[in-house]
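Report on the following structure.
Order of appearance sets the numbers: ligands from 1, and atoms from 1 within every ligand. Here the structure is a predicted model, which means the values were calculated and not measured. We're numbering straight along the sequence, starting at 1.
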Amino acid sequence: MASQRKFFVGGNWKMNGTKSSIDGIVKFLNESCVDDKVEVVVAPPAIYLDYTRQAVNKKIGVAAQNCYKVASGAFTGDNSTAMIKDVGCEWVILGHSERRNVFGESDELVGEKVKHALEAGLQVIPCIGEKLEEREAGKTEEVVYRQMKAIIGNVTDWSRVVIAYEPVWAIGTGKTATPEQAQEVHDKLRKWLSANVTADVANSVRIIYGGSVSAGNCKDLGTKPDIDGFLVGGASLKPDFITIVKARS
Ligand code: 13P
């Protein structure tokens, strides 16, 4: 039986785009991705949050790709939750694997950011996922549980959280986790949440999959009972995103 959890599709544009290319994306989003059965959220680079929020249909959420853990101050180059809200955006992605692995963000920092963003009133998409060597060493569960542990104590309102499981080896590589591999981790995460938070949270929180999701593989992934949607990178810049938004339709 399909779950009651609303299907969620996020588009993480990463460090890509110009005003002109965003115009093209916004056009297909507004024409083809507004669907009451699917929650769609796009995450432009911070410079374009305002531009995108003004152009995209209000039924589509707009997320920052990151923010800092305090409200304001001497933090050159960073963006605050207040700024994200000031330009009308509702969401923030935190702890993306590129933030963790390229910019060195720790589990602890990701947890602090989750706490601050929720307190500031944003909805958050914390990301977790193991590296290839960790999977090959049989450490997938250990890694994702450790990452989750740093997050759960900082969550004050689970209704504003969507967890993204993104195995690092599947991001931008064209090497998608099989629907079975993704389902297995999502199921384990839900059981872990039941044991470590509450059964209610485990049952209601959406766990979305990210890592080389494409127009070609989204339907198979989307049939799995514990995969509640996707966080899409490369394919979110193209009309393929429409097919992914409609994966369950
Ligand atoms: P790709 O879809 O390009 O593999 O990126 C996934 C991702 O990191 C989304 O946040």
State, without any angle test, whether Asp226 and Gln183 hold a side-chain donor-acceptor pair at a distance under 3.5 Å. yes
Aromatic ring proximity, centroids under 6.0 angstrom, Phe7 and Phe230: yes
Parallel, tilted or perpendicular: which describes the rings of [X] and [Y], with under 30° parallel and over 60° perpendicular?
X: Trp192; Y: Tyr145; result: parallel
X: His186; Y: Tyr209; result: tilted
X: Phe8; Y: Trp91; result: perpendicular

Have a look at ligand 1 and work out which part of Asn12, if any, has a heavy atom under 4.0 Å from it: side chain, backbone, both or neither. side chain
For ligand 1, the portion of Ala170 having any non-hydrogen atom under 4.0 Å away: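 Backbone only; the side chain of Ala170 stays clear of ligand 1.
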Atoms of ligand 1 close to [X] [distance to a heavy atom under 4.0 angstrom, numbered from 1]:
X: Ser212; answer: 1 (P), 2 (O), 4 (O)
X: Gly211; answer: 4 (O), 6 (C)
X: Glu166; answer: 6 (C), 7 (C), 8 (O), 9 (C), 10 (O)
X: Gly172; answer: 1 (P), 3 (O), 4 (O)
X: Lys14; answer: 5 (O), 6 (C), 7 (C), 8 (O)
X: Gly234; answer: 1 (P), 2 (O), 3 (O)

Heavy-atom nearest option to atom 8 (O) of ligand 1, drawn from Glu98, Gln65, His96, Lys175: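 Considering heavy atoms of Glu98, Gln65, His96, Lys175, the nearest to atom 8 (O) of ligand 1 sits in His96.
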Can you confirm, on distance only, whether ligand 1 has an N/O atom lying under 3.5 Å from any N/O atom belonging to Gly233? yes
Do Lys19's NZ or CZ and the ring of Tyr51 fall within the cation-pi criteria of under 6.0 Å and 45°? yes
Taking the side chain as every heavy atom from C-beta outward, state whether Arg135 and Gln181 have any pair of such atoms under 4.5 Å apart.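 They are in contact (side-chain heavy atoms under 4.5 Å apart), so the answer is yes.
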